[in-house]
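The chains referred to below are lettered A, B, ... by the order of the sequence lines, with proteins before strands, and numbering in each begins at 1. All figures in this text were calculated on a predicted structure; none of them were measured in a lab. The figures that follow rest on heavy atoms only: side chains count, while hydrogens, waters and symmetry mates do not.
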Protein chains: 2
Amino acid sequence: MPTIKDVADRAGVHAATASRALNSATRGMVNARTVTRVLEAAKALGYAPNSAARSLRTRTSSVAGVIIPDLRNPVFPPIVRGIEDGLREAGYMALLGNTDGDAVRERELFDAMRGRQTDGFILATSRRDDALPAEVPTVLVNRRTDAGGVPSVTADNSVGVHMLVRALVHLGHSRIGHVAGPRHLSTGWERYRAFVDAMDGAEPVTFAEAFTEDAGFEATLRLLDTVPDLTAIVAGNDLIALGCYAALASRGLRVPEDISVTGFNDIPFADRQRPGLTTIRIPHYDIGLESARLLLERIANPAGPAKRIVLPVELVTRGSTGPARN
Amino acid sequence: MPTIKDVADRAGVHAATASRALNSATRGMVNARTVTRVLEAAKALGYAPNSAARSLRTRTSSVAGVIIPDLRNPVFPPIVRGIEDGLREAGYMALLGNTDGDAVRERELFDAMRGRQTDGFILATSRRDDALPAEVPTVLVNRRTDAGGVPSVTADNSVGVHMLVRALVHLGHSRIGHVAGPRHLSTGWERYRAFVDAMDGAEPVTFAEAFTEDAGFEATLRLLDTVPDLTAIVAGNDLIALGCYAALASRGLRVPEDISVTGFNDIPFADRQRPGLTTIRIPHYDIGLESARLLLERIANPAGPAKRIVLPVELVTRGSTGPARN
DNA sequence: TTGTACGCGTTATCAA
DNA sequence: TTGATAACGCGTACAA
């Protein structure tokens, strides 16, 4: 691999001059004809800067760490894709890691990536009570911590839940239960709080252990055991809603004739379930894109305000909701 | 951030000794008591090696480039997850990039990652006719090139297609068509060749432009226009099969009563389609895992043989196939 | 406008 | 077994 020295020799200049000519920020210091010669030499040799040397010198890498629970959760692929496109706009690339929700593994990954000169982090894993290292630029995506100070990009959970409850009430439902996501994750918690708020009263709620179909199945059974006369269930997200489908079927209850069910996220194929899932569409790709841009902003100006970006959501009505029975 | 010099000072040794003590491969050269002192000092200071400096010196980075067409294609998340887990076993991490099937972008990404000292590549994007740079360790995942010499990990496309055709024949079908994937991708081509082989005769085939639902829709319409009396369609993959569903519905044909349809891959939610899709299950996660291990093997021993790993597949029968009409 | 010289943090080589 | 030293490739303060 050719080095900048090789390029400089071929162009008949010193390496320092070649460096200045190749770097657009310092190109102005160099004679225009010299610039041309250097650029030609670089092209002819197929020169590509050695990023290790550059990182060592500049202490930046143009790499961001992206840490998520599990790529196989269908919310994440479009988000990660948005992140990658956002990073690419600025010549950044993404180091990807999965934690399976394990805090220890998250910490290990974080440290390992930091050792690799990562310029910043996009995390989809933080628990509400996480304390994040403040020294390195970090953006939370689809998650928040209770304590402020960490920039985040999320969908409007509160408005989404209100939309769902309003739609159900409009269909005549009054006995509405909630199978919430985990308390320790901001998405689970925010949607739970919004549900309580929208219902303004002590409504039946069970918490799923995780945002998975299995956890939703189990939590729905618990809900049905305590409150058998529900006519609608607001699930913490789409996967939990699919768990509801299974739990209701196991009890011989039909959706939506006996009980209406709603989800959250509008994951791919939510429309293909039977029945199609009424849910809240969040802008997955844009959430990723914006979080990348926000991170780049933080890297450029770490002292700036820790913005919180909330993206609008949309109600998608499908077959899983219908008029309340009776 | 503390450097190895700081660790050495605290342990009362020279930086070179500290380096040897910290590196497990060279630890044997160092006095056991010295090793302990150095390790304690490192721990006390929270030392983490600067990977840029290490890369500059050793010309390795413990980072692999992973290039795929689009993470939103549901085949890829489990594969990428397997890759990441496989890389992690050896302390490697993955730089991820999407190309949308664009050869120019693929080239750009490849070069950009190479500039970042990537130790090797896992590519899911190669066209059959691609010429890959031989200098850097590369493994193809779920793809092959016609020319040998590049290690690859794929599912057994040929056996899978034979399984599907055999199952259809068993159901009484004889007029079976194929909506193939793109000719320039090995998956598309291999399954097409296997189909022709299994049917041993000139059977009706159209090629979809891409492995997408839309392309499948369009190609299915073309197939129906030429051969109206089909009783079964073997689709190039699951997404194309979903395009078949839509195309058949638009012509007022029912699946499987009028026409049976099969897919390939068994993507998540293939079981939730209506009707559930009969398809070939490929071991997505293991394909990723094995490709990571194969890459690590190549990195350790670039001169070794370019293995081709073919993983077994499984027929999954669901509602989209039924007895031939008449 | 260009060249000189140095240092970023690590590891490999050589000498002790 | 340890220390001294050089080198990886780049960017930049300083001098010319």
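Closest approach of B:Ser55 and B:Ser61 over heavy atoms only: OG-CA, 3.6 Å. The shortest heavy-atom contact between B:Thr154 and B:Arg143 is CG2-N, 3.6 Å.
For the residue pair B:Thr125 and B:Glu106, a side-chain donor N or O sits within less than 3.5 Å of a side-chain acceptor on the partner.
Here the range on DNA chain D touched by chain B, meaning any atom under 4.0 Å from one of its heavy atoms, is D:dT1 to D:dG9.
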Q: Heavy atoms under 4.0 Å is the rule here; annotate nucleotides 9-16 of chain C 5' to 3' with B where the base is hit, S where only the sugar-phosphate is, and - elsewhere.
A: BBBBB---
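Although no hydrogens or angles enter the test, the distance criterion places a donor-acceptor pair under 3.5 Å between the side chain of B:Glu84 and the main chain of A:Asn98. Checking side-chain atoms of A:Arg72 against main-chain N and O of B:Pro78 turns up no donor-acceptor pair under 3.5 Å. In this structure a side-chain-to-backbone donor-acceptor pair under 3.5 Å is present from A:Asn73 to A:Val75. For the pair B:Thr138 (side chain) and B:Phe121 (backbone), a donor-acceptor distance under 3.5 Å is absent.
To the nearest 0.5 Å, the span separating CE on A:Met93 from OG1 on B:Thr118 amounts to 6.5 Å.
Residue contacts for B:Thr34: at a heavy-atom cut-off of 4.0 Å it reaches the sugar-phosphate backbone alone, with no base atom in range.
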